[in-house]
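Note sheet for the following structure.
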Amino acid sequence: KDPYFATSGLPPFRGMAWHDWLARRADACVASSHGLEGYLKERNSETHYIPTGVDTDIFRHAPARDSREVVFSWIGTLLRPDNVDNLMLVIRAFAKCQKQSPHAVLEIVGTGSALPSVQQMSARQFPEAQIRYRGWIEPSSIGQYLAQTDVGLYPLADNSLFNQCKSPTKLFEYMAVGRPVIATAIGEAVTVVRDGVDGFIVPPLADDVMAERMSELAQDPSLRRRMGEAGHQRVEQDFSLSALGPRLKSVIEIARDHSQGR
């Protein structure tokens with residue numbers, strides 16, 4: 001039921017050492033973020049940036065909802081302390097937002113061993129916050145779920161190497177469906193979200209600023225609609241599989257030619 005815990009009994013795996021060994025010996029590397037591109041280029045000059053992107057046949061554009069209730073959505077797993085830090089940043093900001101926008105709701109989608117502690121902390125610290133825990137939703141159904149939300153949240157609390165290098169797949173999914181996003185200024189989000197155009201970029205750990213941006217979106221349906229449309233168009237142009245496929249094909253051809261030329 002929870003495959004994430006299945007490997008917990010295995011001996012430690014030196015992932016970074018294996019990663020670097022493989023990168024140095026590869027004919028070409030594909031980096032899904034600019035941070036990872038810089039890291040890999042120090043190990044392999046044939047490194048090419050191609051983000052993970054999104055399948056727009058699954059994550060289809062959905063018109064902005066006409067509902068008084070404004071649903072803010074966070075999707076993820078809660079397995080590590082940094083996962084908890086990310087979500088608690090959102091919960092703190094949302095609790096402040098709701099004082100100005102009582103019709104707002106925060107939905108948390110996902111599972112993990114740290115979920116009970118998050119539920120306990122949020123209930124103790126913010127007993128009046130309107131938070132709904134949706135549990136696990138199958139990946140194939142996330143697009144349908146997002147059509148029933150209004151704003152997507154992508155918070156990163158720690159400016160770690162991992163966060164600098166990860167590809168913000170959830171941002172692509174929110175935007176593909178036509179939902180404005182709020183993300184922190186860590187890693188790849190700053191190259192994906194055009195602040196004030198298809199969402200907001202806020203400083204790391206600035207829950208006051210995040211709360212203000214949440215309130216702006218909660219109180220302005222036209223802003224949500226305008227940003228959502230802009231984000232959808234950006235994804236179609238730059239981050240859809242149809243846009244990224246030819247670029248990946250080109251990298252594969254480069255790797256093939258490199259291999260044959262050895």
Can you check side chain to side chain contact (heavy atoms under 4.5 Å, CB included) on Phe200 and Met227, steps first, answer last?
CA-CA 9 Å; Phe200 290 119; Met227 284 187 163; 3.5 Å; yes
Under 4.5 Å between side-chain heavy atoms, counting indirect links through other Ile/Leu/Val/Met/Phe/Trp/Tyr residues: same cluster for Leu89 and Val84 or not?
yes
Atom pair CD (Gln100) and CD (Glu216), whose distance is rounded to the nearest 0.5 Å:
10.0 Å
Rounded distance [0.5 Å steps], CH2 in Trp74 versus OG1 in Thr149:
14.5 Å
Judged by atom type as modelled, is there a donor-acceptor pair below 3.5 Å linking the side chain of Asp27 to the main-chain atoms of Ile254?
no
Under 4.5 Å between side-chain heavy atoms, hopping through other hydrophobics if needed: is there a path connecting Val109 to Met214?
no
Cluster link Val181 to Ile142, ILVMFWY, side chain under 4.5 Å
yes
Rounding to 0.5 Å, atoms OG1 (Thr77) and CG (Leu115) come to a distance of 11.0 Å
Side chain to side chain contact (heavy atoms under 4.5 Å, CB included) between Val235 and Val54: does it pass, once the steps are laid out?
CA-CA 8 Å; Val235 163; Val54 61; 3.4 Å; yes
Return yes if some donor-acceptor pair links the side-chain N/O of Arg43 with the main-chain N/O of Tyr39 below 3.5 Å, else return no.
yes
Are Val105 and Ile75 joined in one hydrophobic group, where the rule is that I, L, V, M, F, W and Y side chains link up if heavy atoms are under 4.5 Å apart?
no
Do Thr184 side-chain atoms and Leu156 backbone N/O form a donor-acceptor pair below 3.5 Å?
yes
Quick one: CD on Glu46 to NE2 on His48, what's the gap to the nearest 0.5 Å?
4.0 Å
Quick one: does NZ or CZ of Arg92 land under 6.0 Å from the six-membered ring centre of Phe94, within 45 degrees of the ring axis?
no
Any side-chain donor paired with an acceptor under 3.5 Å for Ser122 and Tyr133?
yes
Using only heavy-atom distances, determine whether the side chains of Thr169 and Thr52 contain a donor-acceptor pair under 3.5 Å.
yes
Mind checking the OG-CG spacing from Ser45 to Leu40? Nearest 0.5 Å is all I need.
11.5 Å
For the pair Glu253 and Lys249, find out whether any cationic side-chain nitrogen is under 4.0 Å from an anionic carboxylate oxygen.
yes
Could you check whether Arg132 pairs with Glu69 (Lys NZ or Arg NE/NH1/NH2 to Asp/Glu carboxylate O, under 4.0 Å)?
yes
Is Arg25 reaching over with its side chain to a backbone N or O of Trp21, donor-acceptor style, under 3.5 angstrom?
yes
Give me the atom names and distance for the closest heavy-atom approach of Pro51 to Phe172.
CB-CZ, 3.9 Å
Between Arg65 and Val71, does a side chain to side chain contact (heavy atoms under 4.5 Å, CB included) hold up when you go through it step by step?
CA-CA 10 Å; Arg65 298 190 329 137; Val71 176; 3.6 Å; yes
Is a donor from one side chain sitting under 3.5 angstrom from an acceptor on the other, for Ser101 and Gln219?
yes
When Ile186 is tested against each of Ile201, Leu205, Asp158, Asn159 for side chain to side chain contact (heavy atoms under 4.5 Å, CB included), which residue passes?
Asn159
Let me check something: do Ile58 and Tyr174 share a hydrophobic cluster, defined by ILVMFWY side-chain heavy atoms less than 4.5 Å apart, either directly or through other members?
yes
Other residues, nucleotides, ligands: >12 heavy atoms within 6.0 Å of Arg60 CZ:
no
Spacing of Asn163 atom CG and Ser33 atom OG [to the nearest 0.5 Å]:
10.5 Å
Check the side chains of Glu188 and Tyr49 for a donor-acceptor pair under 3.5 angstrom, ignoring hydrogens and angles.
yes
Cation-pi check, Arg179 onto Phe72 ring (under 6.0 Å, within 45° of axis):
no
Stepwise, does the side chain to side chain contact (heavy atoms under 4.5 Å, CB included) test hold for Ser160 with Gln164?
CA-CA 6 Å; Ser160 63; Gln164 292 169 19; over 6 Å; no
How close do Leu79 and Asn83 get, counting heavy atoms only, and between which atoms?
N-OD1, 3.0 Å
What orientation do His232 and His61 show, parallel under 30°, tilted 30 to 60°, or perpendicular over 60°?
tilted
